[in-house]
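Here the structure comes first, spelled out in structure tokens, and everything after it is commentary.
A quick note: this is a predicted structure, and the numbers were derived from the prediction, not measured. A, B, ... follow the sequence lines: proteins, then strands. Residue 1 opens every chain. These numbers come from the heavy atoms of this one structure, side chains and all, not from hydrogens, waters or symmetry mates.
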Amino acid sequence: DQQVKQNSPSLSVQEGRISILNCDYTNSMFDYFLWYKKYPAEGPTFLISISSIKDKNEDGRFTVFLNKSAKHLSLHIVPSQPGDSAVYFCAARNRISGSARQLTFGSGTQLTVLP
Amino acid sequence: NAGVTQTPKFRVLKTGQSMTLLCAQDMNHEYMYWYRQDPGMGLRLIHYSVGEGTTAKGEVPDGYNVSRLKKQNFLLGLESAAPSQTSVYFCASGKTEAFFGQGTRLTVV
């Protein structure tokens, strides 16, 4: 029973174009959402986050959108660069998970940016 | 600037053997976590700690034990390894935007 779903295992885009990675969640108690980026043989690195009280957060080429009514968030990368090729994980925090701030992760989307 | 360091990076175990994975962080974080990553399943939380001397179970704790004797270290133990524990293990520290180690690839044969 996956509470955070990334339905696209892979995505290919041309360099310079926009990459859109999607994530759906089912638990209405999630109050904070994060995107992590992972290169092969490395650990995930934090990319960008958004609180449930916002619908958009922007950081340079990366923008995360949150649609609470649809329980959907997306990560936009524009323009895409070959160095963006990596696995992207969506993660969510449950507001009732207590002090542990546990994260629930999606299964990841492999983004390939073609030169 | 070490951040989160995991030891070892690779290990092959025979079924029934035991081992300990070590995680060390130098960021003075209270919160530390152990995750496993399996194909198509993302990262799943095994155990976590909210401070020195405390540990708690995550989503998939069975077959693992942990200890947090020092604030900077979080140990993950496998008492009797099984093939189902073949995975990539990640340690992380931090309250929400967790910082991850580089991972330990464990194969149980």
Side-chain angles (χ1 to χ4, degrees), chain A residues 1-10 21-27 30-53 57 59 62 64 86-110, chain B residues 1-10 21 23-25 27 29-52 54-61 66 68 74 87-106:
Chain A
D1 180 25
Q2 281 191 302
Q3 298 185 58
V4 179
K5 298 181 182 179
Q6 293 177 257
N7 292 317
S8 298
S10 62
L21 294 94
N22 294 303
C23 179
D24 296 296
Y25 62 96
T26 58
N27 192 335
F30 288 145
D31 67 345
Y32 196 74
F33 303 89
L34 306 90
W35 285 94
Y36 283 83
K37 176 178 175 179
K38 184 183 178 305
Y39 292 117
E42 294 184 10
T45 55
F46 169 71
L47 189 59
I48 192 170
S49 62
I50 188 167
S51 166
S52 60
I53 62 173
N57 188 27
D59 183 3
F62 303 91
V64 56
V87 176
Y88 289 79
F89 290 100
C90 169
R93 184 186 73 188
N94 190 328
R95 72 164 69 103
I96 64 168
S97 67
S99 61
R101 297 293 188 265
Q102 299 173 52
L103 295 177
T104 300
F105 283 83
S107 54
T109 297
Q110 170 69 57
Chain B
N1 227 14
V4 179
T5 303
Q6 291 183 230
T7 310
K9 291 184 173 56
F10 303 94
L21 282 68
C23 177
Q25 54 99 0
M27 296 172 283
H29 288 154
E30 294 289 342
Y31 299 82
M32 297 188 74
Y33 311 86
W34 275 107
Y35 290 89
R36 60 178 287 174
Q37 184 195 4
D38 301 293
M41 301 192 74
L43 287 86
R44 293 182 292 167
L45 184 65
I46 305 171
H47 285 280
Y48 63 94
S49 169
V50 300
E52 181 179 318
T54 73
T55 63
K57 294 179 180 179
E59 181 186 354
V60 288
V66 287
R68 183 95 181 270
F74 195 28
S87 187
V88 181
Y89 292 85
F90 289 101
C91 175
S93 72
K95 198 164 186 178
T96 299
E97 291 89 8
F99 295 85
F100 283 81
Q102 76 275 40
T104 296
R105 183 172 293 276
L106 175 67

[X] versus chain A, the contacting section by heavy-atom distance below 4.5 Å:
| X | result |
| --- | --- |
| B/L43 | both |
| B/A98 | both |
| B/F99 | neither |

Under 4.5 Å to a heavy atom of chain B? For A/A91 that would be neither

inquiry  = Report which part of A/P44 has an atom under 4.5 Å of a heavy atom belonging to chain B: side chain, backbone, both, or neither.
reply    =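 Looking at A/P44, backbone and side chain both touch chain B.
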
Worksheet item: What are the two closest heavy atoms between A/S107 and B/G40, and how far apart are they?
Response: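 In this case the closest contact between A/S107 and B/G40 is CB-O, 3.4 Å.
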
Of all the heavy-atom pairs spanning A/S49 and B/E97, show the shortest one and how long it is.
->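 For A/S49 versus B/E97, the nearest heavy atoms are OG-OE2, 3.7 Å.
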
ask   = Quick one: salt bridge (charged side-chain N to carboxylate O under 4.0 Å, His left out) pairs with a partner in residues 41-53 of chain A, sequence neighbours left out?
value =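 Sorted pair list comes back empty.
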
**Prompt:** Heavy atoms, side chains only, cut-off 4.5 Å: are A/L103 and B/Y35 in contact?
**Reply:** yes

Heavy-atom count around B/R44 CZ within 6.0 Å, excluding the residue itself: above 12? yes

Max heavy-atom pairs within cutoff under 4.5 Å with chain A, candidates B/E59, B/E30, B/Q37, B/K9, goes to B/Q37

Practice task
Check whether the ring centres of A/Y36 and B/F100 lie less than 6.0 Å apart, and answer yes or no.
Solution key: yes

